[in-house]
Amino acid sequence: MDELSQHLKCLKLCSGEADDEKQILQSLSGILLALDEDIQNSSKSLIECDILPDLAKILTANPTCTEKATHVLAELSKNDSAKEALSKTSITRQLVKQLKRAENHERVEIIIKVLQALAENDALKLQLVDASLQETLCEIIQRLQDSVQPEEMCTMKSSSDLIVSLLLGDESMQKLFDNGNGIVYKNISFWLSSRHTLLQMTGALTTANFARNDSNCVRMVQLGVVHQLLDLLEQHVENGDVAVQHAALSALRNLAIPVMNKVQMLKEGVADRIQMLLRSEMPPVQFKLLGTLRMLTDGQADAAMILGQNPMMLTRLVQWCETKDHVGVRGEANRLLASLLRYSKSQDVVKAVHWAKGLKHLVSMTTSEHAIMQNEALIAMAIASAINLELVEEDFKESELVSILHKILEDESMGPEVKYNSLGLLCSLLDSDVLRRDMELVNMKQTLEKMCAHSNSNVVKQANTVLQILTSSSPHSGHFFA
């Protein structure tokens, strides 16, 4: 450590003098060696010695010193404390200037490597955006877009990755968006329509990251990014790039979160166009597709009607409900199926789901380990049975729905919301003589009497209602809706 102190002292004494190049290089080499041997303690010594501002000055010196100083910064950027200290210097501004001037591949790559590490710190991320790093990166990408040289493609990828890193901070992302006027956003259209898979991925990832709040999402839909994403997805339907499809669908899903965007996207035919991906055999794409479709139908009767009456859609959905290979796909398929019934509240959709043999999957969904999925299935089936009990009762009987509901109500570990919705579904089944007989077989009356003493007042109220109807001489004419 004494040797390191000597190097630091020499560097502070000569860092501003052009004639001291040899001494500067020797000191920087010694510092690099010390960092390599013990980065934690050496970084601490550099910070305590206040050498970081001097490193910033060296970055304006001749190329030989600048390159060595950049390597020192590359090592320092691995240390969180050093990054915090670097945020109090002009390092970011100097590095961006160096990147703009850099001419050879190795020099560009080492600077980008340092900047990528610095961008993990939120304060430094903002400083990099304020120093217009994004403009330099966009220029690099534009300059290299037609290259087939491996090293230049490597630089293009690291530049793209760094742009995405700048977007990971909320404040830096918002500055870069600038209501759709920022240079990164203006490049999205070009990237999405590029023949280069790397740039397509960059366009999709930047869109998904900009779509992290409602105002940005609304503005982007207004600017027409949705159909650019769909155009990109169409290119990759058959044997396409899974990562690109995954990123583009993530962007579409985020864009569909605001209610006004759902309405606009449906008007523009997104629900129809996106169904092209039903042909995909890739589970990651299937998973994202289902999540995007579910987001589009959330609270939207029109979307649920369109999708819920599409035979190809329902056939594929039922296939995915049965898949054993990907639990995520199976879960999302079940949840979308429930959404179609819940939000359409349509006789035609109930019939379509029945003929597609989808109701048995909703019954199975009530046994999920996730309460949210149980509740979605219970509400969807309550709505379906209220709309057309005669049509669905046989499916429910074959799937032993009443027995499952009985087990849910008897299970003391089950949450009150699941029990409440189970009771609501029972209420909507009471017009069926067939299902009433099933209730008698499992002694549902005794279970309901126990529910009347439940600790949750809503459960008690619902249990009392069902019990009164069950013990009455005539079937109940009212129905449960959630």
Side-chain angles (χ1 to χ4, degrees), residues 1-17 20-102 104 106-131 133 136-137 155 158-159 161-162 165-166 168-169 172:
M1 193 54 72
D2 288 343
E3 191 174 342
L4 175 60
S5 299
Q6 193 64 36
H7 287 308
L8 294 175
K9 184 178 179 181
C10 288
L11 197 60
K12 287 191 73 66
L13 288 172
C14 65
S15 61
E17 301 295 329
D20 290 330
E21 178 185 326
K22 185 176 179 181
Q23 185 61 57
I24 291 171
L25 287 173
Q26 186 177 348
S27 296
L28 289 173
S29 296
I31 291 169
L32 266 175
L33 185 61
L35 286 167
D36 187 52
E37 290 175 351
D38 185 353
I39 188 168
Q40 200 68 32
N41 287 318
S42 297
S43 297
K44 185 179 178 183
S45 296
L46 264 67
I47 294 168
E48 289 173 350
C49 188
D50 197 27
I51 203 71
L52 302 183
D54 298 294
L55 283 174
K57 289 179 189 175
I58 293 172
L59 287 174
T60 64
N62 65 53
T64 309
C65 292
T66 299
E67 186 171 345
K68 187 69 77 171
T70 306
H71 282 283
V72 171
L73 287 170
E75 290 301 310
L76 281 173
S77 64
K78 299 174 183 176
N79 181 275
D80 289 338
S81 298
K83 280 189 274 195
E84 194 66 37
L86 286 169
S87 69
K88 298 176 174 65
T89 71
S90 62
I91 286 286
T92 52
R93 191 167 60 253
Q94 296 300 338
L95 282 170
V96 172
K97 285 180 182 177
Q98 290 299 319
L99 180 61
K100 200 171 184 69
R101 294 174 190 157
N104 66 72
E106 290 78 10
R107 180 84 181 122
V108 169
E109 279 299 310
I110 185 63
I111 295 173
I112 288 179
K113 179 183 176 183
V114 175
L115 293 172
Q116 181 68 265
L118 296 181
E120 293 172 6
N121 178 282
D122 285 342
L124 288 167
K125 208 189 305 275
L126 270 175
Q127 288 181 20
L128 291 171
V129 171
D130 289 337
L133 171 60
T136 302
L137 294 171
T155 297
S158 58
S159 299
D161 290 344
L162 184 48
S165 293
L166 294 178
L168 296 180
S172 56

**OP:** Output all residues satisfying side-chain contact (heavy atoms from CB on, under 4.5 Å) with Glu84, sequence neighbours left out; order by chain, then residue number.
**Re:** Ser87, Lys88, Asn121
Original post:
If you look at every heavy atom in Ala119 and Leu162, which pair is closest and at what distance?
Top reply: CB-CD1, 4.1 Å
Original post:
Would you call Val114 and Ile91 a side-chain contact if the rule is heavy atoms closer than 4.5 Å?
Top reply: no
Subject >> Counterpart residues, side-chain contact (heavy atoms from CB on, under 4.5 Å), relative to Ile110 (two or more places apart) >> reply: Thr70, His71, Ala74, Arg107, Lys113
Original post:
CG of Leu76 to CG of Leu118: how many Å apart, nearest 0.5 Å?
Top reply: 9.5 Å
Original post:
What residue among Gln127, Lys125, Lys97 forms side chain to side chain donor-acceptor pair (under 3.5 Å) with Thr92?
Top reply: Gln127
Subject >> Partner set under salt bridge (Lys or Arg N to Asp or Glu O under 4.0 Å) for Asp122, not counting sequence neighbours >> reply: none
Original post:
Do Leu115 and Leu137 have side chains that get closer than 4.5 Å, going by heavy atoms?
Top reply: no
Original post:
Do you know which two heavy atoms are closest between Ala131 and Arg93, and how far apart they sit?
Top reply: CB-CA, 4.2 Å
Original post:
Are Gln116 and Ser158 linked by a side-chain donor-acceptor pair shorter than 3.5 Å?
Top reply: no
**OP:** Rounded to the nearest 0.5 Å, what's the gap from CG on Asp130 to CG on Leu124? Could you check?
**Re:** 11.5 Å
Original post:
When Leu128 is tested against each of Leu133, Leu95, Thr136 for side chain to side chain contact (heavy atoms under 4.5 Å, CB included), which residue passes?
Top reply: Leu133
